Protein chains: 4
Amino acid sequence: MTGATPPADPSRLVSRGRIDKRRAILAAAFTVFAREGYAQAGVSVIAAEAGVAKPTVYHHFGDKENLFRAAIAADADRAMAENLAVVERLSADGTDVRVLLEDVGEHLVRCYCDDRSWALRRLLYAELARFPDLIDIVRGRATDRVTEALADRLARLSLAGRLRRCDPVEAAEQLSALLTGPLEGRARLGTRRVPETELSAVTRTAVRTFLCAYGPEVAEVV
Amino acid sequence: MTGATPPADPSRLVSRGRIDKRRAILAAAFTVFAREGYAQAGVSVIAAEAGVAKPTVYHHFGDKENLFRAAIAADADRAMAENLAVVERLSADGTDVRVLLEDVGEHLVRCYCDDRSWALRRLLYAELARFPDLIDIVRGRATDRVTEALADRLARLSLAGRLRRCDPVEAAEQLSALLTGPLEGRARLGTRRVPETELSAVTRTAVRTFLCAYGPEVAEVV
Amino acid sequence: MTGATPPADPSRLVSRGRIDKRRAILAAAFTVFAREGYAQAGVSVIAAEAGVAKPTVYHHFGDKENLFRAAIAADADRAMAENLAVVERLSADGTDVRVLLEDVGEHLVRCYCDDRSWALRRLLYAELARFPDLIDIVRGRATDRVTEALADRLARLSLAGRLRRCDPVEAAEQLSALLTGPLEGRARLGTRRVPETELSAVTRTAVRTFLCAYGPEVAEVV
Amino acid sequence: MTGATPPADPSRLVSRGRIDKRRAILAAAFTVFAREGYAQAGVSVIAAEAGVAKPTVYHHFGDKENLFRAAIAADADRAMAENLAVVERLSADGTDVRVLLEDVGEHLVRCYCDDRSWALRRLLYAELARFPDLIDIVRGRATDRVTEALADRLARLSLAGRLRRCDPVEAAEQLSALLTGPLEGRARLGTRRVPETELSAVTRTAVRTFLCAYGPEVAEVV
DNA sequence: CATGAATGAGGTTTCATTCAT
DNA sequence: AATGAATGAAACCTCATTCAT
């Protein structure tokens, strides 16, 4: 319906500056911020990496803080999208619950271990004292929404009798914790790449424990 | 009597500079780094907070990076000591396992939510890219040693038949994950103080799930 | 009319920054370096004297060492130009050789005693250990080229029978030495202004001795 | 007569501090100043090189400027002693004047090209603007006294009919100039070691020219 | 709209110098 | 008399930010 770039270019309307430059700047900003940290990252470096001049960056984003927020928000969007897509696989069809959870678990775990995700979390932790509103930006976009979506799906499974009756939010919290908690140590906070087999093992263990507590009533576990 | 060099002045023995100033600098450094982040923290601010002159800081620690490492290491020592003291309460006496675990769990959770601990974790996440050796400093001092100690205790409980037979390291990992994972969200990465009642609730839920998976064979759970 | 990049703005062509500021900085740098020495000279002082901000200096020259080299090179250019102009007066026309040499000698001596020349030599001596390449910068630009030019002219005079047959480079070296050597003591290395009459006397004595050794064969000297 | 170090040690009386440490400090100071220049030389480095503690340096010399002056003066003493010893060889015995002058010239030239002499001259040139009194210190100790001594000897030779009648100071100035002038270029201000053969050549040429002007009246030169 | 050049402020680090031992 | 530790001042350099073009 919308020709890609018609003469009156609709892609030039959002925010100031050409939209492609804006995107290039955002990408470069996230890369550089992730690599060097907020304070050490130089706006000139970001501009260079984006292939634009420094004032262009300021033209688009006003100042460094804003640029940082925008870069974080953009990556939080990406992370949320990935996670939500994974959670949606938790459809209540006839598949065995364990298989279902292990499938979703492994995908979640892989998202969690993605380089960009580690970078995002690191930046979050790092600059939270200076940017208290970051938590709202990200919670509104990623972690919470994912937990909620997970809770939704678990609730449906519970209603369908495939899981014990439970507080679905609590269940979602604990499933997340079981999946990601052990990775923190094994990935050395993102500085070590966790091999696939380890990811699978962690996932299976997490799902096993989860099902012990939340599996269907009469399930004989393990 | 012995002239120029007194035989044993205990306040002059370790590293350079007077030992009390050194300690004051370390404390101030951790405070300021935690408040402002590594890059934004000014050495002058640290010196002022420690009540010494700037060159004194450099006399003791050489440069800012070294000071940072030393401050992190000192606080990691503190954290490890606290956590180990808690884990040692997991003695295999006659107390009911659930009560035992809830006691230890609640103390661990409280350590985890301590302001200094959040600060330590934030700094760790934040500067890990710039200081890759931080992970060794801290793993050698805190997280790993605690997990191992916990595994030791769980192994004994398992041998005593108070827990199911299991891989104790896996069990320790999962108990930790169940205790701390939900707090990450609720404490908003340390920017919100979690009320005591919530801490207790999280602990109870964690222990409940843990015991579903690792409790004694015939335990009637919940 | 031509849009973004004007075809030829002559004030924007050479190296970075506006050319006039660059020149002002170079002049200020030489003045301050000469007055205070390399290490004691503050970049802020140079910037102030040039009427620009400190970062502008760094924008143009990168760092203090580079600025120093550039300032030295610029003044070496000036000195060489002055000296070469003087040497060119040594044309082999019909004038009496003694008159010719005394004219040139006095001009050379005056160049040599110029404040800037003393400053240049002082800086050269002073910082040669730290900047070994200075010697190439200056030799390529001043002293050597002048000696060679002088040798060239003396060679022509020799060929014209106005001087004895000789090694012209040797002759040039000795003429220089006779002209400048005695000034070193009398000018107290540049801290005392040598009066004109003394300059003339030194010149005459130098030329007299020079002609004793290199004057035309049958010349009755003095 | 004086036992080297009798119980009541007379070598402890001059200036403050033990005299050997004082000497060690002076030597270290000259070395370091020569290597790094006045401003860049750190008092701590000098102290370390002398094997004493920093406050000891201050105890002996008061402050850095004083230390510098003392170090310069000490080396100027050394240089003067060497030069005077050489000049004294110019005794008016029966030796041929040319041989005599070439002998003295070569020794003078070798003193002039000594590493320490170059260092001394460099420091002199370098810091003359900051320490105007250096010139008096050194002129009172080295250059002038040497020129005067040389003039004395030349005067005697002149009286003895071995040299033309002349102003001996002028002659001494010119002889010095002819000897040292060409070396400035060839030694690249002290950064290049001039080979012995070149020293001899320069000396011979200088003496030849000198004798053309100041040799005995009827001398047939070269 | 995009850019090269310029700026004001601030950061880490070093150094000469002085106490207290 | 000699030293380890501490200090105040200042230096070099970088950066976020803004004009003119």
Side-chain angles (χ1 to χ4, degrees), chain A residues 12 16-18 21 39-47 51-60 62-65 67, chain B residues 3-6 9 11-12 15-22 39-47 51-65 67, chain C residues 2-6 9 11-12 15-22 39-47 51-65 67, chain D residues 12 16-18 21-22 39-47 51-60 62-65 67:
Chain A
R12 275 187 70 266
R16 303 192 292 175
R18 280 216 323 262
K21 300 232 172 189
Q40 286 94 341
V43 175
S44 359
V45 176
I46 294 173
V52 303
K54 219 186 321 184
T56 307
V57 176
Y58 282 91
H59 184 67
H60 277 270
D63 64 359
K64 197 187 179 186
E65 297 199 0
L67 173 59
Chain B
T5 55
D9 179 346
S11 71
R12 278 185 65 259
S15 59
R16 308 210 294 176
R18 262 175 22 212
I19 194 73
D20 52 338
K21 302 235 171 186
R22 187 185 168 89
Q40 287 93 343
V43 176
S44 4
V45 177
I46 294 175
V52 302
K54 222 189 310 184
T56 305
V57 176
Y58 282 90
H59 182 65
H60 279 266
F61 295 97
D63 65 358
K64 196 187 179 186
E65 295 198 2
L67 173 58
Chain C
T2 55
T5 54
D9 179 345
S11 70
R12 277 185 66 260
S15 60
R16 309 210 294 176
R18 263 178 16 214
I19 194 71
D20 52 339
K21 302 233 172 191
R22 188 186 166 89
Q40 286 94 343
V43 176
S44 3
V45 176
I46 294 174
V52 303
K54 216 187 318 182
T56 305
V57 176
Y58 283 91
H59 182 65
H60 279 267
F61 296 97
D63 64 359
K64 196 188 178 185
E65 296 199 1
L67 173 59
Chain D
R12 274 188 71 264
R16 304 192 292 178
R18 279 211 327 258
K21 300 231 174 190
R22 187 187 167 86
Q40 285 94 343
V43 175
S44 0
V45 176
I46 294 174
V52 301
K54 219 187 320 184
T56 306
V57 176
Y58 281 91
H59 184 67
H60 278 269
D63 65 0
K64 198 188 179 186
E65 298 198 359
L67 173 59

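Computed from a predicted model, the values in this text were never measured in an experiment. Heavy atoms only: backbone and side chains are in, while hydrogens, waters and symmetry mates are out. The sequence lines fix the lettering, A, B, ..., with proteins before strands; numbering per chain opens at 1.
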Taking a pair to mean Watson-Crick or G-U wobble geometry with both distances below 3.5 Å, F:dA20 pairs with E:dT3
NE2 of B:His60 versus P of E:dT13: gap in Å, rounded? 16 Å
Nearest-Å distance, NE2 (A:His59) to P (F:dT17)? 16 Å
So, for C:Leu67 and C:Phe61, which heavy atoms are closest and what is the spacing to 0.1 Å? CD1-CD1, 3.7 Å
Shortest side-chain distance from D:Pro55, nucleotide among F:dC12, F:dG4, E:dA16: F:dG4
Heavy atoms only, 4.0 Å cut-off, all strands: where does B:Ala41 land among base, sugar-phosphate and nothing? sugar-phosphate
If you find the nucleotide of DNA chain F closest to C:Ala39 and the one closest to B:Val52, which residue's nucleotide is nearer the 5' end? B:Val52
Rounding to a whole Å, what distance do you find between A:Lys21:NZ and E:dC1:P? 13 Å
So what's E:dC15 paired with, Watson-Crick or G-U wobble, going by both distances under 3.5 Å? F:dG8
Counting only side-chain heavy atoms from C-beta out, which of E:dT13, E:dT7, F:dC12 sits nearest to B:Tyr58? E:dT13
Which of F:dC12, E:dT3, F:dA16 is nearest the side chain of C:Lys64? It is F:dC12
Rounded off to whole Å, could you give me the CD-to-P distance for the A:Gln40 and E:dT12 pair? 11 Å
Position toward the 5' end of DNA chain E (nearest nucleotide), B:Gly42 or C:Gly51: C:Gly51
Rounded to whole Å, how long is the line connecting atom CD of A:Glu65 with atom C1' of F:dC15? 14 Å
What is the distance from CG of D:Leu67 to C1' of E:dC15, rounded to the nearest Å? 15 Å
Just the rounded figure in Å: distance from P of E:dC15 to CD1 of D:Ile46. 12 Å
For a quick check, tell me whether the side chain of A:Lys54 and the base of F:dT17 share a donor-acceptor pair closer than 3.5 Å. yes
Interatomic distance, C:Asp63 CG vs E:dT12 P [rounded to whole Å]: 21 Å
Non-hydrogen atoms of B:Lys64 and B:Ala39 that approach each other most closely: NZ-O, 3.3 Å
